[in-house]
Amino acid sequence: MTKDTWIGDVRTGEHDGAEVELKGWVHRSRGSNKIRFIVLRDSTGTVQCVIKREVVGDETFEAMKGALVESSVILTGIVESTEREHGHEVQVTSAVVVGPVNPERPFPITESAMAEAEGGETEFLLDNRHLYLRTGRMTSMLKMRSTVFGAIHSYFRDRDFIEYQAPNFVAGAVEGGSTLFEVPYFGRTAYLTQSWQLYAEAAMPALERLYTMAPSFRAEKSRTRRHLTEFWHAEMEMAWASNDDIMVHGEGVVRHIARSLLDEREAELIEQGRDLNLVARYADSPYPRMRYDEAVETLQGMGVEIEWGQDLDYSKEKVLTADFDVPTFLTHYPRIAKPFYHRPDPDDTKYVLCHDLLAPEGYGEIIGGGERTWSEKEILERIDEEGTPRDAYEFYIDIRRYGGVPHGGFGLGVDRVCAWLTGAEHIRETIAFPRDSRRVTP
RNA sequence: GCCGACAUAGCUUAGUUGGUGGAGCGGUGGACUGUUAAUCCACAGGUCGCAGGUUCGAGUCCUGCUGUCGGCGCCA
């Protein structure tokens, strides 16, 4: 039961004049008593198939008439090049319904359900996500997502990074601690990981250049177009590297993703209404860097109320990035605004050697990273300064006790990058089954 | 944790100062030999989210609850 003819190839004219067997799903169906038009869909596209009663006979004709939207069918026929709007049609000679659709429960995702949902994110469509996946909008989004994942793997593998996996059950926090999901663990409490970073640092002296793509979990009740509770995190860690060295790869991987989308998914980008010139600009332009102090001054100059030492929340990021036309790195945040693992700048220890990459068009932070506090003396200082108990981080401190070296890394929000580059209205559009604080189904 | 909206048929929705809920899509039956969201005729389909209250009378007004959506903080 294999399949060897794809609708995408029919559409390019590859099978013109030949007999083909097409396996797929009824996308639309219309017609009269003598002729029926079935727009057939498979994973590669749609094509109109013409079924005539006088050709296929009464029994097949009636069966096809009863094949409702999303019935699975096998159609055999001759591919014909035509002047009509589809370019290529299939003149059907025989047809069979494989999986019928019960008229008492017709396919619920109708034109009207799609029409009003610009971003495709109505409650109804979210409840019926398992069926919504097969619509054109989700299909092309999932293909672009696949390209993004592939691009991240190829970027790092082409540069001799080793893919390395960390556990998803963990004992402690990376960031803060308030956003951990608790999981019962044989009478104890475990947590779902928020980041691969601490485990990556443990492997850094072994592998030196490593990366991963894995889910991270954050129990934030965030209700925004940028947040999921389960999101895909692309992270890298690199030995013998400074903040600047890390940023080079952050810029590199993001530009490589944008370029890959243009090369592999131009049709899908256009289908989603994305301006290709914008994506090309993100692929081709260097990303500027701005120190935190400069960002604060800029904001103060714009009349925004902000004091030195405050972290930049989204309302401020949004004002700041409104005029940016390419992603921009913000570097050198005040030490008091960042967690202990960020290394203080030896030139001025009020700051830490870190960076955030802010995407334009209001998509917010897509990368957070920097140089790690790497000597035993400094890490103990910073842990104490935060008032964090040392014993929770013994293994992390150990890494510094045995041949610590300068190193760093970053984490990239893959779903956020998908949303931004495809121009999605909401991060939920970029993942098959989105998880947020109010939704774990379907 | 905080702020703001919304809930009517499978879907998208109309519903006026409170007076027995309409339409389009989808479904079913019929007509039609080239349709493009096909068209035309007919039919079926509703505990107006739930629970109270006001009223002669509530989809409509009030209270509570539930669910959903949008946003803030936090972050990728």
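Keep in mind that the numbers below use all heavy atoms, side chains included, and drop hydrogens, waters and symmetry copies. Throughout, protein chains are lettered first and strands after them, A, B, ... in sequence-line order, and every chain is numbered starting at 1.
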- line: To the nearest angstrom, the CZ-C1' distance between A:F181 and B:C75 comes to 13 Å
query: Quick one: are the ring centres of A:Y396 and A:Y341 less than 6.0 Å apart?
result: no
- request: Spell out yes or no: do the side chain of A:Q48 and the base of B:U35 have one donor N/O and one acceptor N/O closer than 3.5 Å?
  value: yes
query: How close or far is atom C1' of B:G10 from atom CD1 of A:I109, stated in whole angstroms?
result: 10 Å
- prompt: Are the ring of A:F231 and the base ring of B:A76 both nearer than 5.5 Å at their centres and tilted by less than 30°?
  reply: yes
query: Hey, are A:K316 and A:D311 close enough for a salt bridge, meaning a charged N less than 4.0 Å from a carboxylate O?
result: no
query: Please give, in whole Å, the distance from B:U39 P to A:R30 CZ?
result: 10 Å
message: Taking the nucleotide of RNA chain B with the nearest heavy atom to each, does A:S222 or A:L68 sit closer to the 5' end?
response: A:L68
- prompt: Does A:H227 put a side-chain nitrogen or oxygen below 4.0 Å from OP1 or OP2 of B:C72?
  reply: no
task: For A:E230, report the nucleic acid contact type (base, sugar-phosphate, nothing); a contact means any heavy atom under 4.0 Å.
output: nothing
message: Does B:C75 have OP1 or OP2 under 4.0 Å away from a side-chain N or O of A:T179?
response: no
query: Counting just side-chain N and O atoms, does A:R223 come under 4.0 Å of either OP1 or OP2 of B:C69?
result: yes
query: B:A76 P sits how many Å from A:M213 CE, rounded?
result: 18 Å
query: Looking at the rings of A:F161 and A:H249, which for Trp means the six-membered one, are their centres under 6.0 Å apart?
result: yes
message: With a 3.5 Å distance limit and no angle check, can you tell me whether A:Y314 reaches the backbone of A:G362 through a side-chain donor-acceptor pair?
response: yes
message: Once you apply a heavy-atom cut-off of 4.0 Å, does A:H27 come out as touching a base, just sugar-phosphate, or nothing?
response: nothing
- prompt: Ring centres of A:F324 and A:Y287 under 6.0 Å apart?
  reply: no
- prompt: Rounded to whole angstroms, how far apart are CD on A:E62 and P on B:U28?
  reply: 12 Å
message: Quick check: A:Y211 with A:H153 (ring centres under 6.0 Å apart)?
response: yes
- prompt: For the pair made of CG in A:L312 and C1' in B:A76, what is the distance, rounded to whole Å?
  reply: 16 Å
field: 5'-to-3' dot-bracket of RNA chain B (Watson-Crick, G-U; under 3.5 angstrom; crossing pairs as [ ]; | other strand)
entry: (((((((..((((.....[..)))).(((((.......))))).....(((((..]....))))))))))))....
query: How would you label the contact of A:G368 with the nucleic acid (heavy atoms, under 4.0 Å): base, sugar-phosphate, or nothing?
result: sugar-phosphate
task: Could you walk me through whether A:E264 and A:K143 pass salt bridge (charged side-chain N to carboxylate O under 4.0 Å, His left out), step by step?
output: CA-CA 10 Å; A:E264 299 170 23; A:K143 287 179 184 176; over 6 Å; no
message: Whether A:N33 contacts B:U33 is assessed here as follows: a side-chain N or O lying under 4.0 Å from the phosphate OP1 or OP2. Is that the case?
response: no
message: It should be established whether A:R439 places a side-chain nitrogen or oxygen under 4.0 Å from OP1 or OP2 of nucleotide B:C69.
response: yes
- line: To the nearest angstrom, the CG-P distance between A:D313 and B:G1 comes to 20 Å
message: B:G70, OP1 or OP2 - any side-chain N/O from A:R428 closer than 4.0 Å?
response: yes
task: Could you state the atom-to-atom distance from CZ of A:R28 to P of B:C25 in whole Å?
output: 14 Å
query: Taking only side-chain nitrogens and oxygens of A:R225, does any of them come within less than 4.0 Å of OP1 or OP2 of B:G71?
result: yes
